[in-house]
Colleague: 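Sharing a structure, written as structure tokens. Questions coming.
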Amino acid sequence: MIRFEGIHKSYDEKQALAGVDIELPTGKISVIIGPSGCGKSTFLKLINRMIDPDDGQILIDGSPVLSRSPHQLRLGIGYVIQEIGLFPHFTVEENILIVPRLLKWPDRKKAERLGELMKLIGLSDGYRGKYPHELSGGEAQRVGVARALAADPEILLMDEPFGAVDPLNRSVLQDEFAAIQSKVQKTVVFVTHDIDEAVRLADHLVIMRDGKVVQAGAPEEILQKPAGRFVRDFIGADRAIKRLSLFSLRDIMQPVYPARVGEPVPPEARDKAYVWVVSREGYLNGWAELEGRKPAEELGAEEVTRVTAAELAVFETSSLRTALSRMMGQGIRNLPVLNREWQLVGQVNLRDIEQLAGSEGDLPRAEGVSAQ
Ligand SMILES: Nc1ncnc2c1ncn2[C@@H]1O[C@H](COP(=O)(O)OP(=O)(O)OP(=O)(O)O)[C@@H](O)[C@H]1O
Ligand SMILES: [Mg+2]
């Protein structure tokens, strides 16, 4: 647990933090959110001693950060930021292995760790020798996350890590990060000023204003009971839509009975207007119309309308909000849902999402954002 006790910090005359007391739970994502200049980056920098407080103390698992040297402290704390991303003259591999190299890990251990991390962030080995300017913004951010995780730190500090990425890639990165976090379970302190990103990722949400914490708690609680006008305005009017970020497709997707070329359409799918078509290995190939077909007839390759899975499908770990924007973007009401291996595992319908947006019941949380 990271604990702030009576923290004050000023730069010259400007008071950046004006008495912050807060606890951030171990193994969870705490998201710090608030308007520009409210003290979010200052909050983060105090944790790894890039700056020290004027008053108060910060404890990590009961021990004051001031009792450790900044160098020692930072070896156990990963840090991801928006601008100063990767070292431009280092390859992806060299960037990721900076801390393991500082720690003088043997080559074999470094190679193993690199392999694990590349897999975790979903980049093929072909990327190892690339330089940052050869990467897209989203790929660069993934490498930044891998670099921060390289030496397996307990704590991960992230200052608007996806801020420079376009909205579509940003939601993909958020979903991926949620999936990664569900595996690695770090104590994450994540700064953003995007409320949707905050609701999507936070286990624990901390809302700041003018150097003070105005409300902290589970995002559901804050969406349901905003403490006062500032928080209500900050969250915005479309609270029902925001709630969709709390659920993953795995929670509501329907089963699919896909067809394969050269085989009859499965009986469970025959009363529908169309059927999803997959390859032998279960990868999505496209869909076929079923109207006017004889039930037992084998599906011909010419009947299949091909689709690009990456454009149409959503992952089971994606949030309902991602699915909704994909539906609106593509103008379709039914989306195929894939697992991480890109195999078709379900489908989701606009009606199911609408129902959930309207309900206020206790529903399961999205993956990687598990409720306590
Ligand atoms: N090195 C500095 N010298 C002087 N003032 C500073 C310094 N760093 C931050 N400040 C001031 O302290 C306040 C808090 O800054 P901080 O960077 O923590 O805000 P923030 O919430 O991260 O803002 P943003 O969302 O724009 O990144 C701001 O008013 C800022 O101008
Ligand atoms: Mg900042």
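The figures here come from the full heavy-atom set of this structure, side chains too, leaving out hydrogens, waters and symmetry mates. The structure presented is a predicted model; accordingly, all values stated were derived computationally and were not measured.
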Colleague: Quick test of your reading: applying salt bridge (charged side-chain N to carboxylate O under 4.0 Å, His left out), list the pairs with at least one residue in residues 330-344, sequence neighbours left out, ordered by first then second residue.
Modeller: none
Colleague: Can you tell whether the side chains of Glu176 and Arg142 come within less than 4.0 Å, N to carboxylate O?
Modeller: yes
Colleague: Can you list the residues that meet the side chain to side chain contact (heavy atoms under 4.5 Å, CB included) rule with Arg351, with sequence neighbours excluded?
Modeller: Asn349, Glu354
Colleague: Among residues two or more places apart or on two chains, list those pairs meeting ring-ring contact (aromatic ring centres under 6.0 Å, His included) that have a residue in residues 111-136.
Modeller: none
Colleague: Which residue pairs pass the salt bridge (charged side-chain N to carboxylate O under 4.0 Å, His left out) test when at least one of the two sits in residues 125-134, sequence neighbours left out?
Modeller: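 Every salt bridge (charged side-chain N to carboxylate O under 4.0 Å, His left out) pair that includes a residue of residues 125-134, provided the two are not neighbours, is Glu93-Arg128.
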Colleague: The criterion is ring pair (Phe, Tyr, Trp, His ring centres under 6.0 Å); which residues satisfy it with Trp105, sequence neighbours excluded?
Modeller: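 None.
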Colleague: Look up atom CD in Gln181 and atom NZ in Lys28, then write down how far apart they are to the nearest 0.5 Å.
Modeller: 8.5 Å
Colleague: Excluding sequence neighbours, so at least two apart, what forms side chain to side chain donor-acceptor pair (under 3.5 Å) with Asp55?
Modeller: none
Colleague: Pairs in or reaching into residues 291-308: which pass salt bridge (charged side-chain N to carboxylate O under 4.0 Å, His left out), with residues at least two apart or in two chains?
Modeller: Arg293-Glu303
Colleague: Test of understanding: with side chain to side chain donor-acceptor pair (under 3.5 Å), list the residues that count as partners of Arg260, not counting sequence neighbours.
Modeller: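 Partners of Arg260 under the side chain to side chain donor-acceptor pair (under 3.5 Å) test: none.
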Colleague: Ring centroid separation for Tyr257 and Trp276, is it under 6.0 angstrom?
Modeller: no
Colleague: I'd like to know if the side chain of Thr192 pairs up with that of Glu160 as donor and acceptor (distance under 3.5 Å, no hydrogens or angles considered).
Modeller: no
Colleague: Can you tell me how far the CD1 atom of Ile22 sits from the CZ atom of Arg3, to the nearest 0.5 Å?
Modeller: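 Ile22 atom CD1 to Arg3 atom CZ measures 11.0 Å (nearest 0.5 Å).
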Colleague: Would you mind listing every side-chain hydrogen bond (donor to acceptor under 3.5 Å, both in side chains) that reaches into residues 277-287, with sequence neighbours excluded?
Modeller: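 Found Glu263-Arg280, Ser279-Glu281.
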Colleague: Return yes when atom CD of Glu154 has more than 12 non-hydrogen atoms of other residues, nucleotides or ligands closer than 6.0 Å, and no otherwise.
Modeller: no
Colleague: Could you grab the distance from atom OG of Ser318 to atom CG of Leu335, nearest 0.5 Å is fine?
Modeller: 10.0 Å
Colleague: Do you see a donor-acceptor pair shorter than 3.5 Å between the side chains of Glu5 and Gln57?
Modeller: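 The criterion, which ignores hydrogens and geometry beyond distance, is satisfied for Gln57 and Glu5.
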Colleague: Under a 4.0 Å threshold between the charged nitrogen and the carboxylate oxygen, would Glu116 count as salt-bridged to Lys119?
Modeller: no
Colleague: Can you find a side-chain donor-acceptor pair between Asn334 and Gln347 that sits under 3.5 Å?
Modeller: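 Side chains of Asn334 and Gln347: pair found under 3.5 Å.
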Colleague: Which residues pass the ring pair (Phe, Tyr, Trp, His ring centres under 6.0 Å) test with Phe230, sequence neighbours left out?
Modeller: Phe234
Colleague: Give the C-alpha distance, both sets of side-chain angles, the deciding distance and a yes or no for salt bridge (charged side-chain N to carboxylate O under 4.0 Å, His left out) between Asp196 and Arg200.
Modeller: CA-CA 6 Å; Asp196 295 321; Arg200 169 76 184 102; over 6 Å; no
Colleague: Please tabulate, one pair per line, all N/O donor-acceptor pairs under 3.5 Å involving side-chain atoms of residues 31-49, not counting sequence neighbours.
Modeller:
{"from": "Lys40", "atom 1": "NZ", "to": "Gly34", "atom 2": "O", "distance (Å)": "3.0"}
{"from": "Lys40", "atom 1": "NZ", "to": "Pro35", "atom 2": "O", "distance (Å)": "3.1"}
{"from": "Ser41", "atom 1": "OG", "to": "Asp159", "atom 2": "OD2", "distance (Å)": "2.7"}
{"from": "Thr42", "atom 1": "OG1", "to": "Tyr11", "atom 2": "OH", "distance (Å)": "2.9"}
{"from": "Asn48", "atom 1": "OD1", "to": "Met50", "atom 2": "N", "distance (Å)": "3.4"}
{"from": "Arg49", "atom 1": "NE", "to": "Asp52", "atom 2": "OD1", "distance (Å)": "3.0"}
{"from": "Arg49", "atom 1": "NH1", "to": "Arg68", "atom 2": "O", "distance (Å)": "2.7"}
{"from": "Arg49", "atom 1": "NH2", "to": "Asp52", "atom 2": "OD2", "distance (Å)": "2.9"}

Colleague: Pick one: which of Lys109, Arg108, Lys110 meets salt bridge (charged side-chain N to carboxylate O under 4.0 Å, His left out) with Glu112?
Modeller: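 Output: one option passes, namely Arg108.
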Colleague: Give a yes or no on whether His193 atom NE2 has more than 12 heavy-atom contacts from other residues, nucleotides or ligands under 6.0 Å away.
Modeller: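 Check fails, neighbour count at 12 or below.
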Colleague: Does any pair with a residue in residues 11-20 pass salt bridge (charged side-chain N to carboxylate O under 4.0 Å, His left out), and if so which ones, sequence neighbours excluded?
Modeller: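 For residues 11-20: none.
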